Amino acid sequence: MTSGLIYSMATMPLEASKNRMASQKRDPKTGKLPYTSTLQTLRKVSAENGFFALYNGFFPYYLRCGGHTVSMFILVQILRDFYAQNMM
């Protein structure tokens with residue numbers, strides 16, 4: 001599960017940024033969107049809410065991505081072993 005933890009820690013800020021950009025609403029006064037790019041969203045959220053706001057919801061994200069990462073490593077190893085035994 002270490003690989004899943006590292007993956008989740010590396011990608012969670014990007015996932016949070018994507019989710020904020022997808023659910024943003026226009027400012028009623030100016031009509032502008034609050035977020036324009038991924039990097040701008042990361043900077044703005046960190047400045048306004050703190051860096052760890054990008055990791056809100058980390059545990060469910062880790063369970064989803066960690067389990068997927070581990071199962072993919074296991075599946076790839078099974079396929080490699082099968083290929084080595086039967087195809088070579």
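What you are looking at is a predicted structure, and each value in this text was computed from that prediction instead of being measured. Quick note: residue numbers are just sequence positions, from 1. All values below come from the heavy atoms of this structure, side chains included, with hydrogens, waters and symmetry mates left out.
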Supply the atom-to-atom distance L33 CG to K25 NZ, rounded to the nearest 0.5 angstrom.
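L33 CG to K25 NZ: 11.0 Å, rounded to 0.5 Å.
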With rounding to the nearest 0.5 Å, note down the distance linking OG1 in T41 to CE in M21.
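Between T41 OG1 and M21 CE, I get 4.5 Å after rounding to 0.5 Å.
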Any idea how Y62 and F59 line up, ring-wise: parallel (<30°), tilted (30 to 60°), or perpendicular (>60°)?
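Plane angle between 30° and 60°, so tilted.
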Out of curiosity, does L75 fall in the hydrophobic cluster containing F82 (side-chain heavy atoms, cut-off under 4.5 Å, transitive links)?
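No, separate clusters.
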Flag yes if L54 and F52 sit in one hydrophobic cluster, no otherwise; membership is Ile, Leu, Val, Met, Phe, Trp, Tyr, and two members link when side-chain heavy atoms are under 4.5 Å apart.
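Shared cluster, yes.
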So, using side-chain hydrogen bond (donor to acceptor under 3.5 Å, both in side chains) as the criterion, who are the partners of Q77 when residues are at least two apart?
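Applying side-chain hydrogen bond (donor to acceptor under 3.5 Å, both in side chains) to Q77 gives D81.
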Please enumerate all residues that pass ring pair (Phe, Tyr, Trp, His ring centres under 6.0 Å) together with F73, with sequence neighbours excluded.
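So F73 forms no ring pair (Phe, Tyr, Trp, His ring centres under 6.0 Å) with any residue.
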Contacts of type ring pair (Phe, Tyr, Trp, His ring centres under 6.0 Å), residue Y55, not counting sequence neighbours
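Listed in chain order: F51.
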Report the residues that fulfil side chain to side chain contact (heavy atoms under 4.5 Å, CB included) with S71, sequence neighbours left out, ordered by chain and then residue number.
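None.
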Under the side chain to side chain contact (heavy atoms under 4.5 Å, CB included) test, which residues partner N56, sequence neighbours left out?
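Once residues adjacent in sequence are excluded, the partners of N56 under the side chain to side chain contact (heavy atoms under 4.5 Å, CB included) criterion are A53.
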For residues 5-17, tabulate all N or O donor-acceptor pairs below 3.5 Å that involve a side-chain atom, not counting sequence neighbours.
residue, atom, partner, partner atom, Å
S8, OG, G4, O, 2.8
T11, OG1, Y7, O, 2.8
T11, OG1, Y61, OH, 2.7
S17, OG, T38, O, 3.4

